[in-house]
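Here's the structure, in structure tokens; my notes come after.
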Amino acid sequence: MAKHIFVTGGVVSSLGKGLTTAAVGLLLKRMGLKVKLQKLDPYINVDPGTMNPYEHGEVYVTEDGAETDLDLGHYERFTGDYVSRHSNYTTGQIYQTVIQKERRGDFLGKTVQVVPHIVDEIKRCILALADDETDVVITEIGGTVGDIESLPFLEAIRQLRYDLHSRNCLYMHLTLVPYIKAAGEIKTKPTQQSVGELRRIGIQPDVLIVRTEKHLTDDHKKKMALFCNVDRDAVIEEKDVEHSIYEVPLMLIEQGLDQLVAERLSLPVGRPRIRDWIDMVEVVKHPKHRVRIAVAGKYIQHQDAYKSVYEALKHAGIAHKTEVELLPIEAEDFEKRNGLKRFNKDKPHGILVPGGFGQRGTEGKVAAIRFARENRIPYFGLCLGMQLAVIEFGRNVCGLDSATSSEFDPKSAQCVIDLMPDQREIAQKGGTMRLGAYPCALRDGTKARAAYAAEQVSERHRHRYEFNNQYREQYEHRGMIFSGLSPDGRLVEIVELADHPWFLAVQFHPEFKSTPIQPHPLFRDFIGAALQYAKDHQDAALPADKKEERVG
């Protein structure tokens, strides 16, 4: 029977439950266990696919095409294992399923209620991950203890301890110990109140993970253990890390969390094998070079809107023992020429345009792409970043003055980005998205083929519009290389420029398949090109200081 770990959070949101869950998953996997991770979100949206990134951050796409919470990206980056659509459920999905069952008559005329019907459906979603090959399922409960939205999920995990026996379940509660600067004191009262709220609904935490800016004294830990009714060795400090979020697992090991979990769940395992992880963190702490990468996006003000992109850039930097300094720039600034001033002032060594939907900011992104192409600065375009690269090339190289996408102007006579004919038929039925993993065949002798060192790869997609094949010959004649195509040759997946040091754009989202141990090949080569550009301009020195990175 699979064991279950339930991770809850208290006091405030954004404490880093997803990172803690991912770190625990990494430790258990490196102890030789088969681990599955899951996030239960209390919002009523069915999934985050239609949510504004300013509301929820990025939408993380799984191999099987689910649009999910960004915490699933942490799960994959830390463990190296793929998650699936069964790793993320929302209140909206739970209620939708129960209502569909009620309409079919599955409940035989009974009154449908939160308890037992909604709670039973939540329990079913949790237990569905626990197959015969799985040793441990870690389930993160979104939201904050005390929120009305989270109550059905908390009731479900309370019941599961009764259903599965206490030896097979462990409650891990993440909380905050604030530091009051004026008083010069650390306050444990919010943690006591948060645990009290949990205990009122029948959940007694087994482990306290305590987020803090300052190191806790032994007296602080004893006080929390006493008033929260947990063992002293089960109070685990999680201080803001100094260099990288990838230090978190090492911090937890130092305090014995790996052995604590193994003992509480009677798991016959040894210490985690993490030599490669330790080496990777050392590279992060002591880089040899630095590059500046400008990211021109339309959701720059929200730090989580491009979370996977930022992490993939850092992973690529690790591969080159290089610190990647991010220069986030609002795409709309380019439309006012402020962005070009930033480029001239900050002198980036590489420019990246990430994905997105809608027309806002697109002309600014086109200006950024033109700057990269004309100044021979390494450029990497992702999804919309590829479509806009095609548009920019069409306007300024191929003589297609009105080149655009039918997403922005469906009546244009020069839609170089368009729906495929079969997509138009699907659109009439309400759906055209390409979601999840699709194969891509790579052309020999190209930068893409050299990066992957493979004839065919699989990458994750989240888009509607494609390159319009009517323009292929015209683009190829002017120097654009179609280096990646769908196996049947119909869909353009990767484009490059023949006369540019490193200009490559992809229709998919490679950032979703990058980890700190195995950086994505295209990100790796992009940072390699940026590093070479920096060296050519004698500008790859190490920074004078390092900034502290907060776990949350």
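Predicted model, so just to flag it, every value in this text is computed and none were measured.
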### Query
Do Arg124 and Thr97 have a side chain donor and acceptor closer than 3.5 Å?
no

### Task
Determine, for Lys298 against Glu330, whether the closest basic-nitrogen to carboxylate-oxygen distance falls under 4.0 angstrom.
no

### Task
Show the numbers, then the answer: is there a side chain to side chain donor-acceptor pair (under 3.5 Å) between Thr134 and Asp131?
CA-CA 5 Å; Thr134 302; Asp131 56 32; 2.6 Å; yes

Enumerate, atom names and distances included, each donor-acceptor pair closer than 3.5 Å involving a side-chain atom of residues 110-117, sequence neighbours excluded.
from: His117; atom 1: ND1; to: Gln113; atom 2: N; distance (Å): 3.0

### Message
Is the ring pair Phe6/Tyr171 parallel, tilted or perpendicular, if the boundaries are 30 and 60 degrees?
### Response
tilted

#### Entry: Contacts of type side-chain hydrogen bond (donor to acceptor under 3.5 Å, both in side chains), residue His86, not counting sequence neighbours
Tyr89

### Task
Tell me, please, which residues at least two apart from Asn45 pass side-chain hydrogen bond (donor to acceptor under 3.5 Å, both in side chains).
none

### Query
Is it true that Arg271 and Asp258 make a salt bridge, defined as a side-chain N closer than 4.0 Å to a carboxylate O?
yes

### Message
Between Tyr60 and His509, is there a side-chain donor-acceptor contact under 3.5 Å, judged purely by atom types and distance?
### Response
no

### Task
Please identify each residue that fulfils side-chain hydrogen bond (donor to acceptor under 3.5 Å, both in side chains) with Asn88, with sequence neighbours left out.
Asp41

### Query
Which residues satisfy the side chain to side chain contact (heavy atoms under 4.5 Å, CB included) test with Arg85, sequence neighbours excluded?
Asp64, Ala66

### Partner residues of Lys101 under the side-chain hydrogen bond (donor to acceptor under 3.5 Å, both in side chains) criterion, sequence neighbours left out
Glu121

